[in-house]
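For the numbers below, each heavy atom of this structure counts, side chains included, while hydrogens, waters and symmetry mates do not.
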Amino acid sequence: VQLQASGGGLVQPGGSLRLSCAASGNIGKVNAMGWYRQVPEKQRELVAHSISGGAKNYADSVKGRFTISTNNFKNSVFLQMDSLKPEDTAVYYCYFNILDMGYWGQGTQVTVSS
């Protein structure tokens, strides 16, 4: 299984970006999908998480601004990021839990700066 993330870039504060992550290969049952982010010298943190049954969780810092979604085939996950703040600057990683095994995308840089 391979994950390919895209959609990062440079945006001004208050702007929007949409991240995408597509899974390919021998994809079995997807239990969960999510987005994490990491800044230098800090641990990777959960941003948003979607469970196969439909439940979604968000970090408190992004609630009301970020929205996680998936496609009908459950092989892609998206992160719509609105009202971006400088503190959202990080490398964003997508994550899939497939048959209780974890898979990570390569990371995409998001920079929020004027």
**Asked** Distance-only, no hydrogens or angles: does the Asn97 side chain make a donor-acceptor pair with backbone N or O of Asn31 under 3.5 Å?
**Response** no
**Asked** Under 4.5 Å between side-chain heavy atoms, hopping through other hydrophobics if needed: is there a path connecting Leu84 to Leu46?
**Response** no
**Flag if over 12 foreign heavy atoms under 6.0 Å of CD, Glu45** = yes
**Item:** Heavy-atom closest pair, residues Gln109 and Ala90
**Value:** NE2-O, 3.4 Å
**Request:** May I ask you to say whether Lys85 pairs ionically with Asp88, meaning some side-chain N is under 4.0 Å from a carboxylate O?
**Result:** no
**Asked** Is a donor on one side and an acceptor on the other found under 3.5 Å between the side chain of Gln106 and the backbone of Ala5?
**Response** yes
**Message:** Return the NE2 to OH distance between His49 and Tyr36, rounded to the nearest 0.5 Å.
**Reply:** 5.5 Å
**Trp35 and Leu19, any side-chain heavy atoms less than 4.5 Å apart** = yes
**Request:** Report the distance from atom CZ of Arg37 to atom CZ of Arg44, rounding to the nearest 0.5 Å.
**Result:** 13.5 Å
**Asked** Considering residues, nucleotides and ligands other than Glu87, do more than 12 of their heavy atoms fall under 6.0 Å from its CD?
**Response** yes
**Message:** If you define the side chain from C-beta out and look only at heavy atoms, does anything of Val30 sit under 4.5 Å from Asn75?
**Reply:** no
**Request:** Of all the heavy-atom pairs spanning Ser76 and Met33, show the shortest one and how long it is.
**Result:** O-SD, 4.0 Å
**Request:** Check the hydrophobic clustering (I, L, V, M, F, W, Y; side-chain heavy atoms under 4.5 Å; chains of links allowed) and say if Tyr103 and Val91 are grouped together.
**Result:** no
**Request:** Locate the shortest heavy-atom distance separating Lys56 from Ser69; write the atom from each residue and the value.
**Result:** NZ-CA, 4.3 Å
**Item:** Nearest atoms (heavy-atom pairs only) where Leu79 meets Ala48
**Value:** CD1-CB, 4.0 Å
**Request:** Decide yes or no for Thr108 and Ser6: does some side-chain heavy atom of the first lie under 4.5 Å from some side-chain heavy atom of the second?
**Result:** no
**Request:** Decide whether Phe78 and Val11 are clustered together by the hydrophobic rule: side chain heavy atoms of Ile, Leu, Val, Met, Phe, Trp, Tyr closer than 4.5 Å, transitively.
**Result:** no
**Message:** Walk me through whether Tyr58 and Thr67 qualify under side chain to side chain contact (heavy atoms under 4.5 Å, CB included).
**Reply:** CA-CA 8 Å; Tyr58 296 92; Thr67 304; 3.9 Å; yes
**Message:** Would the distance check show the side chain of Thr89 and the main-chain N or O of Val112 forming a donor-acceptor pair, the cut-off being under 3.5 Å?
**Reply:** yes
**Item:** For the student: nearest non-hydrogen atoms of Leu17 and Val110, plus distance
**Value:** CD1-CG1, 3.9 Å
**Prompt:** For Ser83 and Arg65, which heavy atoms make the closest approach, and how far apart are they?
**Reply:** O-NH1, 2.9 Å
**Asked** What orientation do Trp104 and Tyr95 show, parallel under 30°, tilted 30 to 60°, or perpendicular over 60°?
**Response** tilted
**Prompt:** Do Tyr93 and Leu3 share a hydrophobic cluster, counting only Ile, Leu, Val, Met, Phe, Trp and Tyr and linking them when any side-chain heavy atoms are less than 4.5 Å apart?
**Reply:** no
